[in-house]
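This report concerns only the one structure given below.
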Amino acid sequence: MMSNYKASEQEQRKAEDIRRQYIPHRDNKMEQLQKVDNKVKTPGRIAACILGVIGVLVMGAGMSMIMVWDVMTTGLALSIPGMVAALLAYPLYALITNSRKKKYADEIMRLSDSLVNE
């Protein structure tokens with residue numbers, strides 16, 4: 001028994017989207033390049049964010065001690081190191097990222113050359 005049902009264009013697109021989920025995925029060169037680029041940048045971002053957030057929280061705790069409880073020496077003892085930690089977040093990011101750029105430079109250049117020269 002045959003049906004006379006004709007799928008609309010929207011239904012055909014949805015069926016194709018579902019079908020793509022079951023086809024084995026192979027990375028293309030652009031996806032590989034993006035993955036390597038993320039490998040280079042992500043560790044530095046994570047470390048810098050952690051250091052920056054900790055530094056800001058410590059600095060904020062020290063500033064609160066100064067403004068709310070009038071504990072100047074302890075507040076300064078917390079605020080100044082917290083500020084230094086927050087200020088060191090970007091240099092930490094740059095240090096980690098630059099070392100990883102050196103490590104993955106050959107692979108990134110190879111992938112980008114093959115994309116540009118296609």
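Hydrogens, waters and symmetry mates play no part in the numbers below; they use all other heavy atoms, side chains included.
In terms of the side chain to side chain donor-acceptor pair (under 3.5 Å) criterion, residue partners of Arg20 (sequence neighbours excluded) are, by chain and number, Asp17. In this structure, the side-chain contact (heavy atoms from CB on, under 4.5 Å) partners of Met72, at least two apart in sequence or on a different chain, are Ile66, Leu76. In this structure, Asn38 has no side chain to side chain donor-acceptor pair (under 3.5 Å) partners at least two apart in sequence or on a different chain. Residues meeting the salt bridge (Lys or Arg N to Asp or Glu O under 4.0 Å) test with Lys14, sequence neighbours left out: none. Gln32 pairs by the side chain to side chain donor-acceptor pair (under 3.5 Å) definition with nothing, not counting sequence neighbours. With sequence neighbours excluded, the residues that form a side chain to side chain donor-acceptor pair (under 3.5 Å) with Lys41 are Asp37. By the salt bridge (Lys or Arg N to Asp or Glu O under 4.0 Å) test, Lys29 pairs with Glu118, sequence neighbours left out. Scored by the salt bridge (Lys or Arg N to Asp or Glu O under 4.0 Å) test, Glu16 finds no partners at all (sequence neighbours excluded).
Closest non-hydrogen pair, Ala47 versus Ile96, comes out as CB-CD1, 3.6 Å. When every heavy atom of Ala85 is checked against every heavy atom of Gly55, the shortest pair comes out as CB-CA, 3.8 Å. Taking every heavy atom of both residues into account, Ala48 and Ala89 meet most closely at CB-O, 3.3 Å.
Atom-to-atom distance recorded for Ile108:CD1 and Arg100:CZ is 10.0 Å, nearest 0.5 angstrom. The CG atom of Asn28 sits 4.0 Å away from the CD atom of Glu31 when rounded to the nearest 0.5 Å.
When atom types are taken as modelled, the side chain of Ser114 and the backbone of Leu111 share a donor-acceptor pair closer than 3.5 angstrom. The closest donor-acceptor contact from the side chain of Thr97 to the backbone of Gly44 lies at 3.5 Å or more, if one exists at all.
Its side chain within the 4.5 Å cluster rule, Val53 clusters with Leu57 among the Ile, Leu, Val, Met, Phe, Trp and Tyr residues. Counting Ile, Leu, Val, Met, Phe, Trp and Tyr side chains that sit under 4.5 Å apart, directly or through other members, Met109 stands alone, with no cluster partners. Within the hydrophobic cluster formed by Ile, Leu, Val, Met, Phe, Trp and Tyr side chains joined at under 4.5 Å, directly or through other members, Ile54 is accompanied by Ile46, Ile50, Val58, Met65, Val68, Trp69, Val71, Leu78.
Summarising the local packing, OH of Tyr90 is surrounded by 12 or fewer heavy atoms from other residues, nucleotides or ligands at distances under 6.0 Å.
At a threshold of 4.5 Å between side-chain heavy atoms, the hydrophobic network of Ile, Leu, Val, Met, Phe, Trp and Tyr places Tyr104 and Met30 in one connected group. At a threshold of 4.5 Å between side-chain heavy atoms, the hydrophobic network of Ile, Leu, Val, Met, Phe, Trp and Tyr places Val84 and Leu92 in one connected group.
Under the salt bridge (Lys or Arg N to Asp or Glu O under 4.0 Å) criterion, no residue pair touches residues 103-112, with sequence neighbours excluded.
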